[in-house]
Each structure stands twice: as structure tokens, then as C-alpha cells.
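Chain identifiers are assigned alphabetically (A, B, ...) following the order of the sequence lines, protein sequences preceding nucleic acid strands; residue numbering begins at 1 within each chain. Treat the numbers as computed from the prediction; the structure is a model and nothing was measured.
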Amino acid sequence: MADNVIEIKGLKKSFGENHVLDGFDLNVPRGNNVVVLGKSGSGKSVLIKCIVRLLEPDEGSITVLGENVLEMDHDELDRMRVRIGFLFQNSALYDSMTVRENLEFPMRRHWFDITKEDADQRVNEALENVGLLYAADMMPADLSGGMRKRIGLARTLILRPEIVLYDEPTTGLDPITGREIVELIMDLQQKYNTSSVIISHDMQVARMTANSVVVLADGKNHAQGTFDQLKASTDTQVKQFYEGVT
Amino acid sequence: MFWRANVFTFGSNMSKNSAWKEIFDEVGGISYFTARFFREGLRPRYEWQELLRQCYIIGYKSLPLVGITAAIMGMVLTVQSRPTLEEFGAESWLPSMVAISVVREIGPVITALICAGKIGSSIGAELGSMKVTEQIDAMEVSGTNPFKYLVVTRVLAATLMLPVLVVLADGLALYSSYIGVNLKDVVSFKLYTNQVFDSLEYSDFLPAFVKSYFFGFAIGIVGCYKGFNSKKGTEGVGHSANSAVVVASLAIFIIDLIAVQFTDLLGLN
Ligand SMILES: Nc1ncnc2c1ncn2[C@@H]1O[C@H](COP(=O)(O)OP(=O)(O)O)[C@@H](O)[C@H]1O
Ligand SMILES: [Mg+2]
């Protein structure tokens, strides 16, 4: 069996009568980028929120780094969440804190005994990584969308996660900034050697990052393959995404 | 089929049944939230630093507003009561009368209502926007229990700070009442304070003080509940802030009503 960092089987999640995920399967091999494509409202965010248990699935199994996430108690879950980074769609920076405090927050919360020097050094390194060292003392409200995304990325990576989940990393950005963010993601991915799930409906992202592409439709893993394999597909659900892509 | 759906929701919103259902849902939701507050608040880890920060924000930053309102209230009450008391030849009762009304009822209730507006709406809006921009989710995956970090601290801070604000408001109201008395009379500060303290008993002060804790608790809980259950979008956040104020103000009057029955039963009136 290949070395999978994430294995999802038969995942189901409904909100009342709205069956969002209806038996979804997914494997993420170590070191790979899996891009999950889906229309708006197809349940992409629900999927990655289930992986870190921000949402409780109704059925199915989720194994992350060899451990069953759904059977974890609170402390085990906290330890697992250090190993999984999550980049939220709108970056989710804490409005009431400066950029520096935003980056310090996950460290202080997970590593109680971290020293001031150590924390400072990590914050500086994280900000340098995204080219925003000068923004350390700014408030999130004063940052542009692209800058917020970079800071969000820095905050996500500061704990050195082994797996990173990206929720629509380019949505809401102009194409050029979006491209820069994707390039940054790829650079940092190589530097820190992470595996990732990237959810998106942006084909640019899929083309640039994906080792494999999964199409999420009707709550299921509708199709899977490399970017070029799916490009050749005749399935209508798959073709929708490739329309206009050369 | 758009018009059809609209007609349907319009109809059901208008019916009495759904209004009652909404009220029961609200009461149920807030009760559940309150139970969760006690369950999570009692367990470690305790967020002391955030609690202190919230006490500062909720208590200290509300001082100017509460102070100005209290001062005006004491003055107006004094000036307005004088003619009536004069009619009965009882103007010497003025300080006592004002003191008793301020300490027993007007001080706590007005302060609580002002705070429902200021604190309740700001908690509702802050947590609401944190909710819809996924900051609360981000906290959760950062090894922090958002309920403890955000809700427990704010509710505790509001509960602890409101009585302090009420005492300060009472003091200021009585001081400005002293000025009000002196607009027409000449009464020394010493005589005035003697009169005030002679007329006040513990049974005037204590129930009002205890009641203020409940006012503070209600403001905190309702604000947090509304924020935590905010709907998506900016409209949702605005609605959270707005309904936090409305529900908290209503809760204050209901608590006031219950409190007066209680003190009556205990013979403290
Ligand atoms: N907490 C929730 N409560 C109720 N419904 C939800 C919740 N989260 C998501 N949904 C519903 O699940 C569906 C998928 O949402 P989502 O995963 O956010 O879509 P997307 O693929 O655009 O990320 C939507 O219909 C949404 O309304
Ligand atoms: Mg989404």
C-alpha cells in the first residue's frame, strides 16, 4: 500500500435534508498535492473542515498520518491539528491583533513553553518567507487581499505542519496576485516538504499545483486523475471545469 | 416559482404560531448556551489574560458613557422632583427621595440599559464578524477552545464589571443631584450626604447590587449568543449586533421584574 497521509472512505455529511457529502473517498499520497475541484456550494469546504473536525461527519472514516481522526479525544485532536495546517478562504486573520500577534497565537497556544526569542525568530522567518517582514506591526484591516493571504499562509505554516489544507487560495484575488500566491505556495511546499489538499474551482491552480485532480460532484468523488487525464475526459461534469482551458 | 416561495414565507412569518416558535427557539437556544457557559467555564484551562483584557475593555471603556448618563440622570431627577415635593412642603425630603430611587432602581437599570447598547452590541458585532470570517474556526484549529477564549471571558467580564459601573453611576448621580439641590437651595455637602446616608439602608443597596450581576451576565450571554450564531454576510453581523441589544434590554427588564418579586418575598422592601 502506498504511503498515504490522508485516507477518507465513505464520508457522509448532511445538514438537514441537504446531503452535502454522500460517500466521498479520497487518498492523498505523501508529498503530493491533490486538487479537489467542485462548483460553488458542492461541499469542498465541508470536506476539509471534516478532516480537522471543525465539522463532525455523519458517517465514514478519516485517517490522517495513520491515525483515525474521528475517534480522537480533545487532546489527541489538538496534537493532530499541529500537524495539519489550514488556510482559510478569507485568511481568517484575527482582526483585533497585529500581524505579529496573529502569527504568535498558534505557537503560544500549542507550545506552552516556547521562549520569547524562539517565537520572535520564527515569526520573522515566517514573515520573510512571504516577503512581508515590514508588515509585522500592521493591523489586518490595513492589508490588501493578497497581503492577507500571504500572512494567512505564514500563520498556517508557522507550526511546520506536515499536511496543509488550502480553502480556495486564489478566490477573490486578481489573476496576477492569485498566480503569485500559488507560486508562493509551491515554493514553501518544497521548502517544508508538505503534502496538501487544495480545494478550488480555479483551473490555473489545478494546472500549476496538482499531482492529481479530484472532481467533487453530487457529494462523491466523481472523477480522479492527473490534470491531463481529466482534460481528455468526456464526462460532462468534468468537462465543465475544462471549458476554455487550453 | 419565486413568487410562490415568497408568499409562503411571508404567510408563515405573519402567523402567530411561528412568532411563538421563534420566541421558544430563542429561549431554548440561550438556555442551552448558558448551560454550556457553566460547563466550559468551570473546566480549566482558564484564560486569565483575555479575561483581564475584556474587563478593561468592557469596564474601563464604558466609564465615560455610563458616567455622563448617570450625572445627567441625577440632575434631572432632582430638578424635576422638586416642584412636586414643594407642593407638599416636603422639599427637605429631596435628597432622600432621589437617593432611594437612584440606588434601588434607576441606577442599576439605566446603567444596564446603556451597557446593553454599548457592550451587548459590540460583543454581538465582534463575535459575529469573527464567526462569518472563520476566525472562530481558525482559533479552534490553533489549539484554543473558542468558547472559553471568547465567550467565557466576555460573559465573566460583563458580569464582574457591571456592578462596579453601577456603584460608580450611583455615586455620580448622587453627586450631581447634590448640585441640583443647590441650584435653588443652599445645602452643605456634609448635610446632603448625611441626609442621603440616613435614608439609605442595606436593604436598598444590596438587592440592587446583586441584581446588577445578573444584568451583566445577561448582557454578556446574549451578546455572545447572538454573535456565535451569526448568519453569513455583513447583514448577518448587523443583525446579530442589533438583536443582541434588543434581547439584552428585554432580559434586563425581565430580571428586574423577577428581582422585585424576590426582594418582596424576602421582606427586603
Ligand atoms: N454549518 C453549516 N450549516 C448548514 N449548512 C452548511 C454549513 N456549512 C455548509 N453548509 C452547506 O453545505 C453546502 C456546501 O458548502 P461548502 O462546503 O461551503 O461549499 P463550497 O464547495 O463552495 O466550499 C452548502 O449548500 C452550504 O449551504
Ligand atoms: Mg468554500
Looking at [X], I want to see if its [atom1] is surrounded by more than 12 non-hydrogen atoms of other residues, nucleotides or ligands under 6.0 Å.
| X | atom1 | result |
| --- | --- | --- |
| Tyr46(B) | OH | yes |
| Tyr60(B) | OH | no |
| Tyr192(A) | OH | yes |
| Glu71(A) | CD | no |
| Gln121(A) | CD | no |
| Glu235(B) | CD | no |

Discussion item. Out of Val82(A), Leu93(A), Asp167(A), return the one with the most heavy atom pairs under 4.5 angstrom to chain B.
Written reply: Leu93(A)
Worksheet item: Among Gly85(A), Gly152(A), Pro106(A), who wins on heavy-atom pairs under 4.5 Å with chain B?
Response: Pro106(A)
Got [X] and [Y] here, is their nearest side-chain heavy-atom distance under 4.5 Å?
| X | Y | value |
| --- | --- | --- |
| Thr144(B) | Phe105(A) | yes |
| Gln135(B) | Met97(A) | no |
| Ser96(A) | Arg53(B) | yes |

Fill in: Closest heavy-atom pair and its distance - Asn90(A), Glu134(B)
N-OE1, 4.3 Å
Practice prompt. Looking only at non-hydrogen atoms, find the nearest pair between Ser142(B) and His110(A) and report the distance.
Written response: C-NE2, 3.1 Å
Worksheet item: Which atoms of Ile84(A) come close to chain B, meaning under 4.5 Å heavy atom to heavy atom: side chain ones, backbone ones, both, or neither?
Response: neither
Item to complete: Among Thr156(A), Asp78(A), Leu54(A), find the one that has a side-chain contact (heavy atoms from CB on, under 4.5 Å) with Val141(B).
Response: Leu54(A)
Worksheet item: Do the charged groups of Arg109(A) and Glu47(B) touch, with an N to O distance under 4.0 Å?
Response: yes
Discussion item. Between Arg53(A) and Glu140(B) (salt bridge meaning N to carboxylate O under 4.0 Å), is one present in this structure?
Written reply: no
Worksheet item: Between Tyr94(A) and Ile136(B), is there a donor-acceptor pair closer than 3.5 Å when you use the side chain of the first and the backbone of the second?
Response: no
